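Every value quoted in this text rests on a predicted model; they were computed, and no experiment measured them. Read the numbers this way: they start at 1 and go in the same order the structure lists the ligands and their atoms.
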Amino acid sequence: MRLLALTRLAVLVPLMTAATQKRAVPEGFVTTNGQTFELDGEPFYYMGTNAFWLGLLTSPEDVDATFLTMADAGIKVARTWAFNAINATELPTALETNLTYYQVWNDSDWTLNEGPQGLQRLDYVVSSATQHGIKLILTFTNNWVGYGGMELYIYHILGNTATHDEFYTDPTIIASYQRYVTAIVNRYANSSAVFAWELMNEARCAGDSLPAGPDCVPGSETLTTWYQSQSDFVRSLDPYHMITTGGEGQFYWAQPDEYWYNGTLVSDFNFNGEAGEDFEASLSLSNIDFGTYHLYPQTWYPELDYPGSNFSVLNWGLGWIGAHANTSAYVGKPVIMEEFGVTGLDNKTSIYPVWVGYAIATGHARVHPWQFGMLNLTEDGGNRVLKYTDQIYQGASPNDGFTVYPNQTSVWDVFVAAAIVQDWRT
Ligand SMILES: *[C@@H]1O[C@H](CO)[C@@H](O)[C@H](O)[C@H]1NC(C)=O
Ligand SMILES: *[C@@H]1O[C@H](CO)[C@@H](O)[C@H](O)[C@H]1NC(C)=O
Ligand SMILES: *[C@@H]1O[C@H](CO)[C@@H](O)[C@H](O)[C@H]1NC(C)=O
Ligand SMILES: *[C@@H]1O[C@H](CO)[C@@H](O)[C@H](O)[C@H]1NC(C)=O
Ligand SMILES: *[C@@H]1O[C@H](CO)[C@@H](O)[C@H](O)[C@H]1NC(C)=O
Ligand SMILES: *[C@@H]1O[C@H](CO)[C@@H](O)[C@H](O)[C@H]1NC(C)=O
Ligand SMILES: *[C@@H]1O[C@H](CO)[C@@H](O)[C@H](O)[C@H]1NC(C)=O
Ligand SMILES: *[C@@H]1O[C@H](CO)[C@@H](O)[C@H](O)[C@H]1NC(C)=O
Ligand SMILES: *[C@@H]1O[C@H](CO)[C@@H](O)[C@H](O)[C@H]1NC(C)=O
Ligand SMILES: *[C@@H]1O[C@H](CO)[C@@H](O)[C@H](O)[C@H]1NC(C)=O
């Protein structure tokens with residue numbers, strides 16, 4: 001098959017001159033050694049997953065059952081949201097529906113909810129993960145509005161005429177974000193169930209509500225600067241746990257890829273810096289321990305539906321995986337394929353084995369499908385709206401079209417087999 005021709009790494013100025021120094025960490029904490037993860041001095045390979053909704057579950061039994069199902073499938077690292085924010089107007093409904101919330105915004109500030117409907121639920125997730133031998137990637141906020149992302153900080157502190165990227169530069173917003181980060185990091189700093197802290201889900205210059213401003217453009221390195229200062233900040237709070245960006249892994253290349261769209265040749269936003277990220281630069285930061293990338297060609301390229309498009313979902317994905325594996329080798333740090341998805345069971349069944357197999361074959365990528373599906377949840381008759389459009393329906397965890405449930409064995413078994421392969425490598 002034809003891969004995207006991605007050979008530009010050779011033209012980059014070396015970003016790192018020496019391998020990062022290995023950090024001594026407490027027993028049970030995962031750390032890095034070159035391109036590999038290590039746990040208690042041994043290489044740590046794993047199969048991962050995503051279940052953002054763990055902290056939203058109201059039943060401890062459902063949390064336990066989910067981790068048990070993960071452990072049975074061989075999963076060792078799960079990624080979940082360590083944020084859930086609402087505003088004061090939403091509070092009465094949240095109280096009425098038993099909705100999880102960690103922050104309540106009112107005017108230009110928020111209060112932390114450490115109560116039973118707040119961080120005590122995340123405490124339970126962390127303790128249940130510990131009991132089931134699963135580690136967690138905990139994310140501090142979201143580029144998107146879902147579950148109260150970064151735009152809540154912008155609306156409440158700067159108002160709705162600000163641009164999305166002011167989040168990365170406004171001192172009041174940065175202080176507010178760091179106050180929340182401090183609460184979360186201090187709460188779980190001693191837990192070996194924390195695999196890594198994650199600065200943001202899918203940081204970009206633009207959001208799904210607010211646009212990018214003129215200061216967040218290819219070459220401005222706005223996100224790199226923010227990743228640097230925030231990873232340094234987290235490191236100042238916690239000397240041991242790994243830290244990562246949570247970015248989609250977009251590149252800023254001098255010669256970005258191009259492709260045909262409806263008869264026109266266009267520059268690929270995943271390679272030209274337009275999204276805001278510069279993957280090589282952010283992976284090279286001293287307190288970013290490993291890199292993350294996401295993979296959604298169907299959603300990212302509606303162009304694929306036009307005649308004349310000269311790439312496929314499958315092959316674009318392989319090129320993307322290869323490019324990140326190359327960057328991992330070049331910078332000398334691990335990368336993980338932190339989210340990926342295609343819609344349709346047939347698409348999943350044909351594409352996932354190829355992507356997952358290739359990612360594992362590159363030697364560096366640990367894979368986290370988006371997203372884990374759980375059946376037979378007990379909560380509230382199994383039909384309680386969590387927030388936005390996600391809900392538990394007839395005992396099934398939220399389904400956004402990307403969810404894979406245990407009954408979908410043509411795909412589920414691909415992941416179980418990948419977990420076994422990862423185990424052999426350890
Ligand atoms: C709300 O959630 C808690 C668990 O956090 C649970 O104990 C309680 O029964 C729930 N209340 C209602 C009314 O569902
Ligand atoms: C709070 O959020 C709701 C959406 O859930 C929105 O309609 C409302 O305007 C917000 N209130 C404030 C004060 O921002
Ligand atoms: C929000 O702030 C207003 C004005 O300071 C106050 O009256 C109100 O009680 C606050 N709401 C909540 C939920 O804290
Ligand atoms: C965390 O561990 C440090 C030393 O490793 C200790 O000083 C501190 O008290 C611990 N904190 C908690 C909350 O257990
Ligand atoms: C698509 O066409 C462009 C322009 O000819 C070319 O640069 C690119 O490599 C092609 N992509 C694939 C996957 O063949
Ligand atoms: C696709 O190209 C045709 C012909 O040039 C044009 O009429 C149409 O508006 C284009 N569609 C999009 C979505 O760009
Ligand atoms: C990765 O690097 C190798 C060796 O430099 C090169 O042959 C290959 O084309 C690169 N692959 C991608 C996807 O960038
Ligand atoms: C499968 O993928 C193709 C190509 O992206 C897409 O057109 C189709 O809608 C997908 N099928 C489903 C059921 O989502
Ligand atoms: C869910 O429950 C049904 C019937 O109660 C059972 O047949 C099925 O095996 C269960 N599924 C899982 C994944 O536990
Ligand atoms: C698996 O469970 C989901 C969620 O309940 C359901 O929508 C789907 O039809 C089931 N699929 C199979 C193959 O049984």
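The line from CD of Q228 to CG of L223 is 13.0 Å long, rounded to the nearest 0.5 Å. Note that the CE atom of M150 and the CE atom of M200 stand 4.5 Å from one another [nearest 0.5 Å]. Once rounded to the nearest 0.5 Å, the distance linking CG of N87 with CH2 of W110 reads 15.5 Å.
Close contacts of ligand 7 with G322, meaning ligand atoms under 4.0 Å from a residue heavy atom, involve 13 (C). Taking every heavy atom of A323 and a limit of under 4.0 angstrom, the matching atoms of ligand 7 come to 13 (C). The atoms of ligand 5 that sit less than 4.0 Å from any heavy atom of L265 are 3 (C), 4 (C). Set against the non-hydrogen atoms of A396, the atoms of ligand 10 under 4.0 Å away are 4 (C), 5 (O).
Taking the ring centroids of W105 and Y155, they lie at or beyond the 6.0 Å cut-off. Aromatic pair Y296/F402: centroids less than 6.0 angstrom apart.
The pair E277-R204 fails the salt-bridge criterion, with no side-chain N (NZ, NE, NH1 or NH2) lying under 4.0 Å from an Asp/Glu carboxylate O. The residues R366 and E338 are annotated as not salt-bridged, no charged nitrogen and carboxylate oxygen being separated by less than 4.0 angstrom.
Compare T362, T327, N326 by their heavy atoms: the one nearest to atom 3 (C) of ligand 7 is in N326.
With a heavy-atom cut-off of 4.0 Å, W260 touches ligand 5 through its side chain alone. Only the side chain of L375 comes within contact range of ligand 10, with a heavy atom under 4.0 Å; no backbone atom does. The residue D257 has no part lying near ligand 5, judged by heavy-atom distances below 4.0 Å.
Note that atom 5 (O) of ligand 10 has protein non-hydrogen atoms nearby, at separations under 4.0 angstrom.
Of the protein's heavy atoms, N407 ND2, 3.2 Å lies nearest to atom 12 (C) of ligand 10.
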